[in-house]
Student: 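Right, I'll just put the structure down here and ask away after.
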Amino acid sequence: MPRLTVVVPAYNEAAVLESFHARLSRTLDELPLECDVLYIDDGSSDHTWALIEGLRARDPRTGGIKLSRNFGKEAALTAGLDHVDADAAVVIDADLQDPPELIPSLVEQWQAGFDVVYATRTARAGESGFKRLTAALFYRSMERLSDTRVPRDTGDFRLLSRRALAALRQLRERQRFMKGLFAWIGYRQTAVYYLREPRQAGQTKWNYWRLMQLAIEGITSFSTAPLRLATWTGVFSSLLAFLYGLWVFGKAVVFGDPVHGYPSLMVVILFIGGVQLLALGVIGEYLGRNYAESKQRPLYFIEEQRPAKAQGDAGHAR
Ligand code: UDP
Ligand code: MG
């Protein structure tokens with residue numbers, strides 16, 4: 001029977017973990033596959049790890065990996081996917097925003113021959129209009145700036161085939177914009193649509209600051225267009241400055257040159273200065289990324305590892 005591993009990153013998810021696991025295993029019981037679940041405790045400060053160990057004691061299909069500290073969701077996911085040895089892996093959030101009941105539809109598409117089956121939400125329940133607007137803006141600019149098509153309204157909730165997993169494992173970059181990486185590997189990809197629910201309990205770890213960081217990461221990891229933008233801004237403003245210079249010169253020749261022009265001088269200096277700082281910032285952004293990559297640090301460290309005791313098939317759980 002084909003094997004499926006469900007990878008679940010969890011950071012301070014003690015409040016939902018039990019109900020998540022209940023819903024997940026109910027779904028897995030129904031699947032005609034050998035299933036197991038791999039929880040990644042991303043350095044939680046609550047009793048998430050204890051809960052994972054408890055689940056493992058009750059359900060032999062459950063495994064866990066505890067990272068040495070909080071590395072962030074992308075690293076936690078990577079740790080999980082690195083330890084999957086199955087024919088397919090499903091990535092799902094622990095907070096029940098991704099309904100586990102959708103997994104059979106993902107599996108169906110995989111068995112129809114797709115390598116990456118991603119879940120795309122049709123509605124964003126419980127999210128503000130502002131969040132929706134910023135998300136739309138982000139996807140729009142990604143589409144404009146990069147050749148990698150990141151599917152809209154799609155999180156990390158998806159299924160990966162064995163060869164898609166193998167491909168993903170070869171991407172060891174430190175700036176991990178997973179949605180982009182998933183898309184970048186190619187192969188046959190398709191979407192399954194669902195209704196995204198609001199978070200069941202606990203707190204989202206994404207405030208606007210972190211979302212903005214993620215957006216910058218996404219764009220700089222998959223596009224060098226901002227660097228080119230800096231060049232074009234430079235070209236454009238020098239051209240303007242040249243034309244303005246001609247005008248100033250012509251005016252001085254025709255009307256003479258009484259000492260005027262302090263305001264216009266200031267405007268030009270401030271404008272050019274601003275453009276230069278912006279361009280330097282953009283270059284710095286890429287340089288910083290280069291620096292992080294050049295250190296070649298491992299993506300995560302594992303503190304404890306508890307493999308699943310059994311790969312249960314339908315009905316064998318608990
Ligand atoms: N998560 C993680 N490490 C982190 C932050 C989040 O492993 O540093 C996990 C979290 O436990 C959850 C998933 O990533 O399972 C999504 O996190 P969250 O719900 O906070 O993000 P959102 O759904 O708001 O995008
Ligand atoms: Mg969430």
Side-chain angles (χ1 to χ4, degrees), residues 5-24 37-52 55 62-84 89-100 102-103 118-121 123-128 130-132 134-136 138-139 150-158 174-182 194-215 217-218 299-304:
T5 300
V6 181
V7 175
V8 192
Y11 175 52
N12 293 342
E13 298 289 5
V16 282
L17 212 61
E18 291 279 352
S19 48
F20 169 79
H21 191 81
R23 259 175 76 178
L24 178 66
V37 188
L38 180 57
Y39 288 102
I40 319 298
D41 177 7
D42 187 17
S44 299
S45 50
D46 64 0
H47 55 290
T48 297
W49 181 243
L51 280 177
I52 293 172
L55 289 174
T62 311
I65 288 176
K66 180 178 168 37
L67 300 187
S68 62
R69 64 168 171 86
N70 179 241
F71 280 93
K73 181 183 177 186
E74 323 268 310
L77 257 182
T78 307
L81 294 173
D82 283 348
H83 289 84
V84 172
V90 165
V91 171
I92 187 170
D93 284 359
D95 59 2
L96 288 173
Q97 272 189 295
D98 306 333
L102 196 72
I103 294 176
Y118 49 85
T120 294
R121 43 194 181 258
R124 287 174 162 239
E127 284 183 358
S128 65
F130 184 66
K131 185 157 180 187
R132 260 177 265 184
T134 47
F138 169 71
Y139 286 114
V150 175
R152 266 163 196 258
D153 291 334
T154 299
D156 293 328
F157 186 20
R158 66 187 69 213
R174 264 121 281 267
Q175 315 289 330
R176 300 189 75 74
F177 182 65
M178 292 303 273
K179 289 180 215 193
L181 299 183
F182 287 138
Y194 76 109
L195 210 84
R196 181 137 167 116
E197 294 156 52
R199 206 173 216 290
Q200 216 68 4
Q203 281 280 312
T204 174
K205 281 98 202 170
W206 295 100
N207 50 36
Y208 278 109
W209 175 247
R210 283 186 78 171
L211 279 174
M212 198 155 93
Q213 304 274 77
L214 186 73
E217 191 140 310
L299 300 175
Y300 55 84
F301 286 114
I302 292 175
E303 190 174 316
E304 277 179 77

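Scope of the values below: all heavy atoms of this structure, side chains included, with no hydrogens, waters or symmetry mates. Both ligands and their constituent atoms are indexed starting at 1 by order of listing.
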Student: Pull out every atom of ligand 1 sitting under 4.0 Å from any heavy atom of Pro9, numbered as shown with elements.
Tutor: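 With Pro9 as reference, the close atoms of ligand 1 come out as 7 (O), 9 (C), 10 (C), 11 (O), 12 (C), 15 (O).
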Student: May I ask you to list the atoms of ligand 1 that are less than 4.0 angstrom from any heavy atom of Asn70?
Tutor: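 Once the distances to Asn70 are compared, the set is 3 (N), 4 (C), 8 (O).
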Student: His21 vs Tyr39 aromatic rings, parallel, tilted or perpendicular, using cut-offs 30° and 60°?
Tutor: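 Judged by the thresholds at 30° and 60°, the geometry between His21 and Tyr39 is tilted.
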Student: From the options Tyr11, Phe157, Phe20, select the one whose nearest heavy atom is closest to atom 5 (C) of ligand 1.
Tutor: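 That would be Tyr11.
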Student: Mind checking salt bridge (Lys or Arg N to Asp or Glu O under 4.0 Å) for Glu18 and listing every partner two or more places apart, or none if nothing turns up?
Tutor: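 Expected list: Arg58.
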Student: Specify the closest pair of heavy atoms between Gly64 and Leu38, including all atoms of both residues, with the distance to one decimal.
Tutor: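 Nearest pair, atom of Gly64 first, then Leu38: N-CD1, 3.9 Å.
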Student: List every atom of ligand 1 that sits less than 4.0 Å from any heavy atom of Glu13, numbering the atoms from 1 in the order shown and giving each element.
Tutor: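 Near Glu13, the atoms of ligand 1 are 10 (C), 11 (O), 12 (C), 15 (O).
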Student: I'd like to know if the side chain of Asn12 reaches the main chain of Ser45, judged simply by a donor and an acceptor atom lying under 3.5 Å from each other, with no hydrogens or angles considered.
Tutor: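 A pair under 3.5 Å: yes.
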Student: With sequence neighbours excluded, tell me which residues meet side chain to side chain donor-acceptor pair (under 3.5 Å) with Glu303.
Tutor: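 If we apply the side chain to side chain donor-acceptor pair (under 3.5 Å) test to Glu303, skipping adjacent residues, there are no hits.
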Student: Hey, which atoms in ligand 1 end up nearer than 4.0 Å to a heavy atom of Ala94?
Tutor: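 So the answer, numbered in order with elements, is 15 (O).
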Student: As a test of understanding, state which of Ile92, Leu81, Thr78, Ile65 forms a side-chain contact (heavy atoms from CB on, under 4.5 Å) with Val7.
Tutor: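 Of Ile92, Leu81, Thr78, Ile65, side-chain contact (heavy atoms from CB on, under 4.5 Å) with Val7 is met by Leu81 alone.
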Student: Please determine if the Mg ion (ligand 2) has an N/O/S atom from Asp95 lying under 2.8 Å away.
Tutor: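 For Asp95, the answer is yes, given that an N, O or S atom comes within less than 2.8 Å of the Mg ion (ligand 2).
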Student: Just which atoms of ligand 1 are under 4.0 Å from any heavy atom in Asp93?
Tutor: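 Those of ligand 1 that fall under 4.0 Å from Asp93 are 13 (C), 15 (O), 16 (C), 23 (O).
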